[in-house]
Amino acid sequence: MPALSSTPITATILIVDDDEGVTTTFARMLRLEGYQVHTAVNAETGLRQAERNHPDAIILDLRMPLVDGLGFLRRLRTFDKQRETPVAIVTGDYFLDDSVSTELRELGAELRFKPLWLEDLVGLARTLLKVTTDRRRDAIH
């Protein structure tokens, strides 16, 4: 089947982390790979960005003040257009409660641990975006 458009589709990734250094660094690395990147330094702003921009994938910090990554994910899954958006939860906390790990899996999030090096971040982005690409391809067929 021929492509619907000759214009390449640029994938959009949303990064949500309360550490501005992390959001800036991750965004810079992913932009160098050709992705369009939006960032937010808290869950509320991230949820507004997700609702407005409909990212193809989200990379999300688990430990944030006020609303943490799990709370973000619970609310994100209530948005019709974001129910199946691939999400990776990134944390430096290697000792998560089993209940948290289970809920993250049930909400469809991948779990990754900091630090993420360039090749880890790029690989994670590709893994998340493959899910989006596969879903789009299946919807066309």
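Residue numbers count from 1 along this sequence.
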Undergrad: With sequence neighbours excluded, give me every salt bridge (charged side-chain N to carboxylate O under 4.0 Å, His left out) pair touching residues 101-112.
TA: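 Qualifying pairs: Arg74-Glu103, Glu110-Arg112.
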
Undergrad: Starting at CE of Met29, measure out to CG of Leu32 and round the result to the nearest 0.5 Å.
TA: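 Rounded to the nearest 0.5 Å, the CE-CG separation comes to 9.0 Å.
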
Undergrad: Which other residues belong to the hydrophobic cluster containing Trp117, where Ile, Leu, Val, Met, Phe, Trp and Tyr are joined when side-chain heavy atoms lie under 4.5 Å apart, directly or via other members?
TA: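 Taking Ile, Leu, Val, Met, Phe, Trp and Tyr as members, Trp117 stands alone, with no cluster partners.
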
Undergrad: I'd like to check the side chain to side chain donor-acceptor pair (under 3.5 Å) partners of Arg63; sequence neighbours left out, ordered by chain and number.
TA: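 Counting only residues at least two positions away or on another chain, Arg63 forms a side chain to side chain donor-acceptor pair (under 3.5 Å) with Asp93.
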
Undergrad: On a heavy-atom basis, which atom in Val67 and which in Ala43 lie closest, and how many Å separate them?
TA: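 For Val67 versus Ala43, the nearest heavy atoms are O-CB, 3.4 Å.
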
Undergrad: With the 4.5 Å side-chain cut-off for hydrophobic clustering, are Val90 and Leu73 part of the same group?
TA: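 Result: no, two separate clusters.
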
Undergrad: Give, for atom CG of Asp97 and atom OG1 of Thr102, the distance between the pair rounded to the nearest 0.5 Å.
TA: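 If I round to the nearest 0.5 Å, the distance is 10.0 Å.
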
Undergrad: Does anything in residues 13-24 form a side chain to side chain donor-acceptor pair (under 3.5 Å)? List the pairs, not counting sequence neighbours.
TA: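 Only Asp17-Lys114 qualify under side chain to side chain donor-acceptor pair (under 3.5 Å).
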
Undergrad: Identify, with sequence neighbours excluded, every residue that meets side chain to side chain donor-acceptor pair (under 3.5 Å) alongside Asn53.
TA: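 If we apply the side chain to side chain donor-acceptor pair (under 3.5 Å) test to Asn53, skipping adjacent residues, the hits are Gln49.
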
Undergrad: Please check if Val22 and Leu124 belong to a single hydrophobic cluster, counting links between Ile, Leu, Val, Met, Phe, Trp and Tyr side chain heavy atoms closer than 4.5 Å.
TA: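 Same hydrophobic cluster.
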
Undergrad: Would a hydrophobic clustering, with Ile, Leu, Val, Met, Phe, Trp and Tyr connected at side-chain separations under 4.5 Å, put Leu111 with Leu129?
TA: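 They do not share one cluster, since no chain of ILVMFWY contacts under 4.5 Å joins Leu111 to Leu129.
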
Undergrad: Can you tell me how far CG of Leu30 sits from OG1 of Thr39, rounded to the nearest 0.5 angstrom?
TA: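 These two atoms lie 11.5 Å from each other.
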
Undergrad: Does anything in residues 81-100 pair up under ring pair (Phe, Tyr, Trp, His ring centres under 6.0 Å), and if so which pairs, sequence neighbours excluded?
TA: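 Pairs touching residues 81-100 that pass the test: Tyr94-Phe113.
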
Undergrad: When you look at His54 and Gln82, which way does the side-chain contact (heavy atoms from CB on, under 4.5 Å) test go after all the steps?
TA: CA-CA 7 Å; His54 310 292; Gln82 299 296 298; 3.7 Å; yes

Undergrad: When hydrophobic residues are tied together by side-chain contacts of less than 4.5 Å, even through go-betweens, does Leu47 share a cluster with Ile89?
TA: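 Yes, because Leu47 and Ile89 connect within a single hydrophobic cluster, where side-chain heavy atoms sit under 4.5 Å apart.
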
Undergrad: Does the side chain of Asp56 come within less than 4.5 Å of Thr85's, by heavy atoms?
TA: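 No; the side chains remain at least 4.5 Å from each other.
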
Undergrad: With sequence neighbours left out, what residues match Arg126 under side chain to side chain contact (heavy atoms under 4.5 Å, CB included)?
TA: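 Per chain and number, Arg126 pairs via side chain to side chain contact (heavy atoms under 4.5 Å, CB included) with Glu33, Tyr35, Val122.
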
Undergrad: In Å, rounded to the nearest 0.5 Å, how long is the span from CZ of Phe26 to CZ of Arg31?
TA: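 Rounded to the nearest 0.5 Å, the CZ-CZ separation comes out at 13.5 Å.
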
Undergrad: Going by side chain to side chain contact (heavy atoms under 4.5 Å, CB included), name the residues that satisfy it together with Ala40, two or more places apart in sequence or in a different chain.
TA: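 Ala40 satisfies side chain to side chain contact (heavy atoms under 4.5 Å, CB included) with Val16, Thr45 only.
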
Undergrad: Side chain to side chain contact (heavy atoms under 4.5 Å, CB included) with Gln36: which residues, sequence neighbours excluded?
TA: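 By the side chain to side chain contact (heavy atoms under 4.5 Å, CB included) rule, Gln36 matches Thr10, Thr12, His38.
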
Undergrad: Working to the nearest 0.5 Å, report the span between CD1 of Ile58 and CG of Leu128.
TA: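 These two atoms lie 9.5 Å from each other.
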
Undergrad: Nearest 0.5 Å, what's the CD1-CD1 distance between Ile15 and Ile13?
TA: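 Those atoms lie 7.0 Å apart.
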
Undergrad: Please tell me if the side chains of Ser101 and Leu96 come closer than 4.5 Å, counting only heavy atoms from C-beta onward.
TA: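 They are in side-chain contact.
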
Undergrad: Looking at Asp61 and Met64, would you say the former's side chain and the latter's main chain have a donor-acceptor pair under 3.5 Å?
TA: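 No, because the side chain of Asp61 does not come within donor-acceptor range (under 3.5 Å) of the backbone of Met64.
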
Undergrad: Around atom CZ of Arg28, are there more than 12 heavy atoms of other residues, nucleotides or ligands at under 6.0 Å?
TA: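 Atom CZ in Arg28 is not crowded, with 12 or fewer foreign heavy atoms closer than 6.0 Å.
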
Undergrad: Tell me every residue that passes side chain to side chain donor-acceptor pair (under 3.5 Å) with Asp80, counting only those two or more places apart in sequence or in another chain.
TA: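 Side chain to side chain donor-acceptor pair (under 3.5 Å) check on Asp80 returns Arg83.
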
Undergrad: Taking all heavy atoms of Leu76 and all of Ala50, pick out the closest pair and write down the distance.
TA: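 Closest heavy-atom pair between Leu76 and Ala50: CD1-CB, 3.7 Å.
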
Undergrad: Connecting only ILVMFWY residues whose side-chain heavy atoms lie within less than 4.5 Å of each other, what is the rest of Leu66's hydrophobic cluster?
TA: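 Other cluster members: none.
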
Undergrad: Report the residues that fulfil ring-ring contact (aromatic ring centres under 6.0 Å, His included) with Phe79, sequence neighbours left out, ordered by chain and then residue number.
TA: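 For Phe79 there are no ring-ring contact (aromatic ring centres under 6.0 Å, His included) partners, ignoring immediate neighbours.
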
Undergrad: Answer yes if Leu107 and Leu62 sit in the same cluster of Ile, Leu, Val, Met, Phe, Trp and Tyr residues linked by side chain heavy atoms under 4.5 Å apart, and no otherwise.
TA: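 Same hydrophobic cluster.
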
